[in-house]
Every structure is written in structure tokens, then in C-alpha cells.
Q: 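Attaching a single structure in C-alpha cells format; questions to follow.
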Protein chains: 2
Amino acid sequence: MGAMASRRSKAGDNEGANEEGAPVRDGAAVDHGPLDRRLGYLLRRAQIAVFRDFFAAFADHDIRPGQYSILTVIETNPGLKQGAVGEALGIKRANFVAMIDELQTRGLVRRDPSPADRRSYALNLTAEGTRLMAELHALAERHEQKIVDAIGLETYRALFAPLKAIARMGEGEA
Amino acid sequence: MGAMASRRSKAGDNEGANEEGAPVRDGAAVDHGPLDRRLGYLLRRAQIAVFRDFFAAFADHDIRPGQYSILTVIETNPGLKQGAVGEALGIKRANFVAMIDELQTRGLVRRDPSPADRRSYALNLTAEGTRLMAELHALAERHEQKIVDAIGLETYRALFAPLKAIARMGEGEA
DNA sequence: GATAATTGTTATTGAACATAGCTATCGTTG
DNA sequence: CAACGATAGCTATGTTCAATAACAATTATC
């Protein structure tokens, strides 16, 4: 059918191309080249791998990394208003609403009234939320241990300070 | 108006809440708690910070991190087929199509015919693509230097090996 | 008390990522 | 060589995440 014509249409007019003797190597082992010296690229790959493991570890509880971080901040700083929690985690207020909605619907977080300011809520964990967090923290520790096993304890510990410094990089620009 | 009712409807029936004496602390300085000991969280924050700087550095050329990584792999391994490039970067074939479309439309990448296999394309940089990559690599080096300035050269160098090991973690699971 | 700023919310958008199904081609096997 | 399955690229679609704009309720400021 004419499907072929439409398919190749995107590739365009290079039917007779390769005039410059362009290589056609077919790669089994692909060389990442300078990419292996780009910290951002490695950070992204490492972060994806860690999140994948985290996701699997928390799948039984249906908790994603972002939800765990929200619950942790609320647990550590009870009574915070939504904006403060979101800001601490780099989540825009608008996007924060639905996330808290779900956690509240699941009975993990309460939106208590803030006595001094009727605009805002005081976020707190419910009893069940507190109980769940004990489990999640234990799971998280085991998840961390997998990373320690992969790179060694000293190397693991040495990562935190530079990563924090990088995360703080260019903070006063917005 | 009734907007209030509908607004608070999501928060639900906690008008008289706070029965358990829940705190209402209003946080200026938010404590991240155990989150500061979760490598995945720090990796994410660091990666976001680095990408933001990268994005700003490449804004003039309208090149995003993913595009730079694609161009780099093609430059390093000319003649690869789309699937191989995408796989090397962890990009699904379906999503790879539009990315190459754009790079081709912008005259940076060619889809040369693969002589041995008419199903696949041999990806190569155009002359302009090659010229642009020289600029981009120079920009990338300056971008890396900013990170070095932030954490020191030795610390910077020490990050690569563990990050690669973490990225390889759980590779044989899919 | 009028005006500006804050808090939470909604709606909408764009980018990144995943899945299913399709066509064309290749490889193998009968 | 015909039939079959596997592969390469493509389309369509949906989901998630993040960013913006605009709004109502409330608070703070002058």
C-alpha cells in the first residue's frame, strides 16, 4: 500500500544519500563518548536506577518517592502549611493540592485548621499515617542498604555532601 | 458565594479537628528529616539543579539535555540505527522518532539509508550538526566547570565511578 | 477601610515516558 | 520459494510530572 510512501516521507529526500561516505556501523556496544564525562547525564541515570528500586520496594504500599518525601516532611515538621511543605520539596503549590488530596483520601494525612490563619491548613499525619511511616522508613533503610552494598559504605557516605552542595548550586537565581 | 463551600469540600469534615492536640507549627526553616539520608532524594535534587544549569547554558542553541545526549551518541558512533541509539540512552523507540524528526528538520542529523537493511536508518550528523557539536561540547565543558567550582575537582572526579555503579544497579532485571 | 499580598484551588498546557498496534522488511524454515 | 516469526520504524494514545495563569477567601499593610 501507500503506507510506505507516507512512512518514509518523514525521513525525506535522502534516498540517494550517503554521498559523503557516511559510516553505517551497526553498534552492538555503543560508545557514550563525552557523555561519560557529563555529571548531569550520570546523575540522571543513577537517579532513575535508584528510583526504580525505590518504586519496587514501595510497590506493595503503593507509595511513590514524591509521596514518601511529603509524608516524611510532614512527620518531621507537624503542623506545616501546604505551601511550606511544597516549597521544601520543590513542588509548586498548584501541583501539591492533588498530592495532598490523595494522601488525605487514603487516610494518611489530615488538613487541620490553622487557628491563626483561616486560609491555610496545618498538615499532620493521621494515626495510620504515623504507623505506615514506621514501615516505610524501615523499607527505605533496606533500600539504602542495597546502594551501600553496590558501592561500599565509605563511598556511599562520601556522596551526600557533594550532592547537597550541587543541589544548592544556583539557588539564589530565581 | 458558595465557592468557599466547594473549596473546603476537598479538605472534608475536619472543621472541628485537631482533637489530638496536633501541632500547628508554622515552619520558616523546614527540617527534611530522614530525607537528608536518602540518596535517591539527593540524587534527584542534584540532578534537577544540574539540568537547570545545563538548560540555561544551552538555551541559546535551543538544545535540551536529551537532544545533546542523542547528538553525542550519533557523533561518537556514526551510522547507528535508531533503535541502537535509543537503547543506549534508555529512550523507547516510539518516543525516539519525534526526537530524531526534530533534529533532522533542524538539519543536524541525517537518516541515511542502511544498505544492508532497508528497514533501518543509519544515523549521522550533518556538516552543520558536526559544527554545532563543537560549540555544544565547549559549552558543556564550561557547564561542568561550574560544578567543579562548586565541589572541588577531587570530589567531582570521585563522583563518576559510584554514579556509574549505581546506574548499573539492577540492570539485569528487566 | 481600601489596597496589596498570601493561601489554597482550578484549569490548562507542555514535556517525558510507556503501551499497543500497524507496515515494511528481514531471517529462517518447511 | 512460500510461510512464518522477528525486527525496525512509525502512529496513536494515555499517564505522569512540572509550569503558568487566573480565581476566591483571607490576611496584612497603609
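Note on naming: letters A, B, ... go to the chains in the order of the sequence lines (proteins, then strands), and numbering restarts at 1 for each one. Just so it is clear, the structure is predicted and the values come from calculations on it, not from any experiment.
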Q: Are A:H32 and A:Y41 an aromatic pair by the rule of ring centers under 6.0 Å?
A: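 Yes: the rings meet the under 6.0 Å criterion.
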Q: Can you tell me how far P of C:dG8 sits from CG of A:L103, to the nearest Å?
A: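 To the nearest whole Å, that distance equals 15 Å.
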Q: Do other residues, nucleotides or ligands put more than 12 heavy atoms under 6.0 Å from A:R131 CZ?
A: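 Yes.
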Q: Could you state the CD-C1' distance from A:E87 to C:dG8, rounded to the nearest angstrom?
A: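 Atom CD in A:E87 sits about 15 Å away from atom C1' in C:dG8.
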Q: With rounding to the nearest 0.5 angstrom, report the CZ to CD1 distance, A:R45 to B:I166.
A: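 The CZ atom of A:R45 sits 14.0 Å away from the CD1 atom of B:I166.
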Q: Under 30°, 30 to 60°, or over 60°: which ring-plane class applies to A:Y156 and A:F160, parallel, tilted or perpendicular?
A: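 Correct class here is perpendicular.
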Q: A:D101 CG to C:dT9 P: how many Å, rounded?
A: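 Answer to the nearest Å: 6 Å.
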Q: Give the rounded distance in Å between these two atoms: CZ of A:F55 and P of C:dC17.
A: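 Answer to the nearest Å: 15 Å.
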Q: Each nucleotide N or O in nucleotides 17-20 of chain D that has a protein N or O under 3.5 Å away: list the pair and distance.
A:
unit_1 : atom_1 : unit_2 : atom_2 : d
D:dC17 : OP2    : A:R64  : NH1    : 3.4
D:dA18 : OP1    : B:R44  : NH2    : 3.1
D:dA19 : N7     : A:N95  : OD1    : 3.3
D:dA19 : N7     : A:N95  : ND2    : 2.9
D:dA19 : N6     : A:N95  : OD1    : 3.1

Q: Check every atom of C:dT25, D:dA8, C:dT9 against the side chain of A:R93 and return the nucleotide holding the closest atom.
A: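 Within the option list, the nearest is C:dT9.
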Q: Taking all atoms of both residues into account, what is the closest heavy-atom pair of A:A165 and B:I151, and its distance?
A: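 For A:A165 versus B:I151, the nearest heavy atoms are CB-CG2, 3.9 Å.
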Q: Whole Å only: how far is the CG atom of A:L80 from the C1' atom of C:dG8?
A: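 One finds 15 Å between C1' of C:dG8 and CG of A:L80, rounded.
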Q: C:dG27 C1' sits how many Å from B:R118 CZ, rounded?
A: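 So the CZ-C1' distance, B:R118 to C:dG27, works out to 14 Å.
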Q: Could you please name the option among C:dT25, D:dG9, C:dT7 that lies closest to any side-chain atom of B:R119?
A: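 Of the candidates, C:dT25 comes closest.
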Q: Separation of A:F51 atom CZ from C:dA18 atom C1', in whole Å?
A: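 Result: 18 Å.
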Q: Measure the distance from NZ on B:K81 to P on D:dG9 and round it to the nearest whole Å.
A: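 Rounded to the whole Å, the gap is 6 Å.
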Q: So that I know where these two stand, are A:H137 and A:Y68 an aromatic pair - ring centroids less than 6.0 Å apart?
A: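 Centroid separation for A:H137 and A:Y68: below 6.0 Å.
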